[in-house]
Amino acid sequence: MPDISITLPDGSSRPVAAGTTVGGLAESIGRGLAKAAVIGVVNGVERDLAHPLEDGDEVAIVTKTDERGLFTIRHSTAHVLAQAVLDLFPGATFGIGPVIEDGFYYDFQLPAGADGKPATFAPEDLPRIEARMREIIAETQPFVRVDIDNDRAREVFADHPFKLEIIDGEAEDPTSVTEKGIARTYENPPSTPKERPPFRGYPGFIDLCRGPHVPDTKAHLGHFALTRIAGAYWRGDESKPQLQRIYGTAWASKADLDAHRERLEQAALRDHRKLGAELDLFSFPDEIGSGLAVFHPKGGLVRKLMEDYSRRRHEAGGYEFVYTPHITKGALFEESGHLDWFADGMFPPIHFDDEGGPEGTDYYVKPMNCPFHILIFRSRQRSYRELPLRMFEFGGVYRYEKSGVIHGLTRVRGMTQDDAHIFCAREDMAEELSSLLDFVLGLLRDYGLDDFYLELSTRGEAEKFAGTEEEWAEATAALEVAAGTSGLELVPDPGGAAFYGPKISVQARDAIGRTWQLSTIQVDLQLPQRFGLEYVGSDGARHRPVMIHRALFGSVERFFGVLLEHYAGAFPTWLSPVQVRVLPVRNDHMAYADRIADRLRAEGFRADVVDATEKLGNRIRKAKGEKLPYVLVVGDDDVEHGTVGVNARGGEVERGVSIDEFEQRLRVEVLAQTGGR
RNA sequence: GCCCGAGUAGCUCAGUCGGCAGAGCAUCUCACUCGUAAUGAGAAGGUCAAGGGUUCGAUUCCCUUCUCGGGCUCCA
């Protein structure tokens, strides 16, 4: 056999026998590499290990520790899931099964049950399906790439309408599985033919797929778990049939799978809903209604501290505080346009027959604050000398969120926006946006979040958007400049803007790397026009101001939930509802303990005392459970010398610290956390 | 709103194949007064989410509603 020459990623050439495959190349380089190999990248295109090489090919071997290798493992596991479901549920058909973060899913439709509707999976089905998947893996079925023409593909998939839709519908899609009338498929030939082959003319399982795949089901697969069942609309479209989705997680090794499970457990421990109940911070009484929170004394204290600090910073930042009512006549939201677009998302009106003429009057609970702030702006003639005019309000708003979307404090029906509206001259917009973004990021950092990236949502192509193209371009450019000044990564989100203007949203990564969308800064090209806003310029002429909407926390409730998860309930000292707990060793130390607590309270710290009814160890344990920053233990030695025993959260126990020194440490710590503000 | 699952003491959960409702923690009382992550004893605590149906009898089976959880869709 004549040799051919292959170029490796390091630029070196390697002679191999003609007909050598990607897998064969890996084998020739080393046993270890061959064992870890999942796929190859040949001339920039991902290929199966069975792909034959040609002279001059540039080849990189992708192993199971590479991101693309893991992707392939997850993708191939999804195929095994589909095969297992089709084996166990005769008459089932399938949609798509992509890779997602940490795993994969596959969508199925089961045959109709007694009620004529497609059947659904039950939780008990998951172990059965998983067991069947392990059998398939143990069979070592190869993944065989088969290119067949579309007509043949339509025959093979004749009983699978979703696949037919893919064959027919995606011809123009460059990432399509069909190209020039040829459909790419992957077949898993079984060791023995299926009892009920679900495909016409194939003894086993076959799926439309671009690939590539692991070479066979035994290779790299097996470190997976099916995790949940859900309904999901075909092609994500609410008007299309709802399929049954099975989610799974898959990894390159058992250790990785175990580590993933551990991460989930850790995340569950910091779930703000769980911590909110455990730490007695807030609750959602059924009697009030879904998505409507009450804050208990400790949660209320944390929230007050958050709000107080925000108020101080806004005051210093040139904001003026306004207050507006929770309800309004419908006319206001007609003028703003909200009733046209978002009536579904609002609580239904409160109707009065005996007011406003024969039709009566409808009052609405407000879903947003901006129209009220606009009325304040419009309450009298405005001069350019007043601009930029920055109005701030902790505004309570109510939105009738769909019942299925409500989630703890992060998605509620009643919330308090830390809402500001800035009215400025068009020529000042860019500068205002830059300083605004700076202000926003600075404040978020003070609350302990410091890992951000930005998202720039811009106008889409085909949709209808308010304002002119020129205005959009100008506003978008101003936002880009502001983002550039921040030095943060900027992720484009084309078409993601609201109809009324482009926006920047600040995404924050929390202590365990999850991202949360927090602040938004939004340019509004619509409302100033709808409300006919004007100011008198230095030229004596009337001009239309630019309006910027901006929420920093998003909502106080949501931000509270995010911080709670970020800190896993262990708030920094400045935000802790109880900062110091003093524990007398015996009750005859009570007077001394009370004196220390009184002194700390007199200095503005939050301290309490728990008497010696219970053993010290148990009282310490309870204080740790409450995640208090400091526990002070005082006994005979301390009473004698004017000291305390300091047990700091996450620190070592220190005996004999003078009360002056402890107080000084506490003061320094809180000052450092709030920047002295 | 849609699909699946779950609601038993304040919390975490047993249990009842249809026949008087259970534990641990928390709470309260009493005793213990102890130097760094669970002292002991006792008491109290429930319309078994709500409403309807089947039944001699329903917390248990069926239906409806409410709430919660996981997804989908949505999020001005």
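Only this structure's heavy atoms are used, side chains among them; waters, hydrogens and symmetry mates stay out. Each chain gets a letter, A, B and so on, in the order the sequences are listed, and its residues count up from 1.
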Exercise. When all nucleic acid strands are considered with a 4.0 Å heavy-atom cut-off, which category describes A/Asn618: base, sugar-phosphate, or nothing?
Worked result: sugar-phosphate
For this session: Mark yes or no for a side-chain to base donor-acceptor pair under 3.5 Å between A/Asp636 and B/G35, with no hydrogen or angle criteria applied.
Result: no
For this session: Tell me which nucleotide among B/A76, B/U33, B/U73 gets nearest to the side chain of A/Asn587.
Result: B/U33
Problem set entry | Among B/A76, B/U36, B/G69, the one nearest A/Arg399 by side-chain distance | B/A76
For this session: State the pairing partner of B/G51; accept Watson-Crick or G-U wobble contacts with both distances under 3.5 Å, and report none otherwise.
Result: B/C63
Exercise. Quick one: do A/Glu654 and A/Arg665 make a salt bridge, cutoff under 4.0 Å?
Worked result: yes
For this session: Look at the side chain of A/His407 and decide which nucleotide, out of B/U73, B/C72, B/G70, has an atom nearest to it.
Result: B/G70
Exercise. How far does the C1' atom of B/A21 sit from the matching atom of B/G46, given to the nearest Å?
Worked result: 8 Å
Problem set entry | Base B/C75 paired with A/Arg413 side chain (donor-acceptor, <3.5 Å) | no
Exercise. With respect to the phosphate group of B/C2, does any side-chain polar atom (N or O) of A/Arg245 fall under 4.0 Å of OP1 or OP2?
Worked result: no
Exercise. From the list B/G70, B/U36, B/U73, which nucleotide is the closest neighbour of the side chain of A/Arg228?
Worked result: B/G70
For this session: Mind checking A/Gly625 for me? I need base, sugar-phosphate or nothing, with any heavy atom below 4.0 Å counting as a touch.
Result: nothing
For this session: Determine the interatomic distance between P on B/A23 and the same-named atom on B/A14; round to the nearest Å.
Result: 16 Å
Seminar exercise, completed: If pairing means Watson-Crick or G-U wobble with both distances under 3.5 Å, then the partner of B/G35 is none
For this session: Describe, in one word, how the ring planes of A/Phe282 and A/Phe560 are oriented to each other, choosing from parallel (under 30°), tilted (30 to 60°) and perpendicular (over 60°).
Result: perpendicular
Seminar exercise, completed: Mate of B/C25 across any strand shown (Watson-Crick or G-U wobble, both atom pairs under 3.5 Å) is B/G10
Exercise. Would A/Asp237 and A/Arg235 pass as an ion pair if we require N to O under 4.0 Å?
Worked result: no
For this session: Please confirm whether any donor atom in the side chain of A/Lys402 sits under 3.5 Å from an acceptor in the base of B/U73, or the reverse.
Result: yes
Exercise. With A/His421, which of A/Glu393, A/Arg390, A/His549 fulfils side chain to side chain contact (heavy atoms under 4.5 Å, CB included)?
Worked result: A/His549
For this session: Hunt down the Watson-Crick or G-U wobble partner of B/G5, both distances under 3.5 Å, from any strand shown, or write none.
Result: B/C68
Exercise. Do A/Ile374 and A/Phe423 have side-chain heavy atoms sitting under 4.5 Å apart?
Worked result: yes
Exercise. Does A/Val585 or A/Tyr247 map to a spot on RNA chain B nearer the 5' end, using the closest nucleotide for each?
Worked result: A/Val585
For this session: For B/C11 versus B/C48, give the span between their P atoms, rounded off to a whole number of Å.
Result: 16 Å
Exercise. Nearest nucleotide by nearest heavy atom, which residue falls closer to the 5' end of RNA chain B, A/Phe284 or A/Asp237?
Worked result: A/Phe284
Exercise. Should the pair A/Arg128 and A/Phe89 be classed as cation-pi, given the thresholds of under 6.0 Å to the six-membered ring centre and 45° from the axis?
Worked result: yes
Exercise. So, are A/Asp660 and A/Arg599 salt-bridged, with charged N and O less than 4.0 Å apart?
Worked result: yes
Problem set entry | Base B/G71 paired with A/Tyr233 side chain (donor-acceptor, <3.5 Å) | no
For this session: Sticking with atom P, work out how far B/G53 lies from B/G24, rounded to a whole angstrom.
Result: 38 Å
Exercise. For B/U36, does either OP1 or OP2 sit under 4.0 Å from a side-chain N or O belonging to A/Lys624?
Worked result: no
Exercise. Using purine N1 to pyrimidine N3 plus N6-O4 or O6-N4 for Watson-Crick, or N1-O2 and O6-N3 for G-U wobble, each under 3.5 Å, what pairs with B/C30?
Worked result: B/G40
Problem set entry | Separation between the C1' atoms of B/A49 and B/U67, rounded to whole Å | 7 Å
Problem set entry | P-based separation of B/A26 from B/G40 [nearest Å] | 10 Å
Exercise. With rounding to whole Å, what would you report as the distance between B/A9 and B/G71 at their P atoms?
Worked result: 26 Å
For this session: Could you measure between the two P atoms, the one in B/G5 and the one in B/C62, and give it in whole Å?
Result: 12 Å
